[in-house]
Amino acid sequence: MAASPPLIVDHLGPIEEILDAFRGALAEDHRAYRAHVYRVFHFCRALGGSASAGRDDGIALAAAFHDLGIWSDGTVDYLPPSARRVREHCERHGRAGEAAELARMVELHHKLTPCRGADDALVEAFRRADLVDLSFGLVRFGLPRAWVGEVQAAFPAAGFHLRVVRLVGGHALRHPLRPLPMMRL
């Protein structure tokens, strides 16, 4: 059973800074995306075990940027612009040493198979964390149901899942030959 760290309900600086910078692009989806980011952050910390210890700021950055390209770049093929933005942010803020790993977390968070590279423990935890949230906690990878419920209650979805279904569904109808460009093998 994965550990269940205490919730961080105070505003996490890195998340708030990024989301404030993109408030205009997020528009009416700001609250819903913010809650998704915080849920993924918490699930990743719990699933990451020792790989996530002391990595709250990095996990927060990956979480804040991971789907941002949907809104910042207006595309459902959002992994490349989201990864680019996290790398640029790291370069500007003296975190160049983390840029590759955080970008990898973003790029592979919709990978259909596990990330098994030697340095992929946190990348895999992040992939799983996003799936925990997107599945409404039905898929938990050992996280206690009650704790997942606590995270969901602390950061209510506010229509996030429906918004994503509408965005992706609209894209799929317009592009039937490439309906889910964000998915990776």
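What's counted below: heavy atoms across the whole structure, side chains too, no hydrogens, waters or symmetry copies. One is the number of the first residue; the rest follow in order along the sequence.
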- With the 4.5 Å side-chain cut-off for hydrophobic clustering, are Phe136 and Val151 part of the same group? no
- Message: With clusters defined by side-chain heavy atoms of hydrophobic residues (ILVMFWY) lying less than 4.5 Å apart, directly or transitively, does Val139 cluster with Phe41?
- Response: yes
For a 4.5 angstrom cut-off between non-hydrogen side-chain atoms, does [X] reach [Y]?
X	Y	result
His110	Tyr78	yes
Gln152	Pro156	no
Arg128	Arg140	no
Leu108	Glu124	no
Leu26	Leu68	yes

- Query: Where the side chain of Thr75 meets the backbone of Ile70, is there a donor-acceptor pair that is under 3.5 Å apart?
  - Reply: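 No, the answer is negative, given that no donor and acceptor are paired below the 3.5 Å cut-off.
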- Could you go step by step and tell me if Cys44 and Leu122 meet the side chain to side chain contact (heavy atoms under 4.5 Å, CB included) rule? CA-CA 8 Å; Cys44 182; Leu122 197 56; 3.9 Å; yes
- Item | Residues that His36 engages under ring-ring contact (aromatic ring centres under 6.0 Å, His included), provided they are two or more places apart | His66, Phe160
- Decide yes or no on side chain to side chain contact (heavy atoms under 4.5 Å, CB included) for Arg92 and Glu88, but give the supporting numbers first. CA-CA 6 Å; Arg92 281 193 313 270; Glu88 290 170 351; 3.6 Å; yes
- Message: Can you tell me how the ring of Phe43 sits relative to the ring of Trp147, calling it parallel under 30°, perpendicular over 60° and tilted otherwise?
- Response: perpendicular
- Apply side chain to side chain contact (heavy atoms under 4.5 Å, CB included) to the pair Phe141 and Leu131, showing each step before the final yes or no. CA-CA 9 Å; Phe141 298 103; Leu131 186 54; 3.7 Å; yes
- Measure from the ring center of Phe22 to the ring center of Trp71 and say whether it is less than 6.0 Å. no
- Query: Residues two or more places apart in sequence or in another chain: which of them pass salt bridge (charged side-chain N to carboxylate O under 4.0 Å, His left out) with Glu98?
  - Reply: Arg55, Arg95
- Do Leu47 and Val132 pass the side chain to side chain contact (heavy atoms under 4.5 Å, CB included) test, and can you show the C-alpha distance, the side-chain angles, and the key distance before you say yes or no? CA-CA 10 Å; Leu47 291 165; Val132 171; 4.2 Å; yes
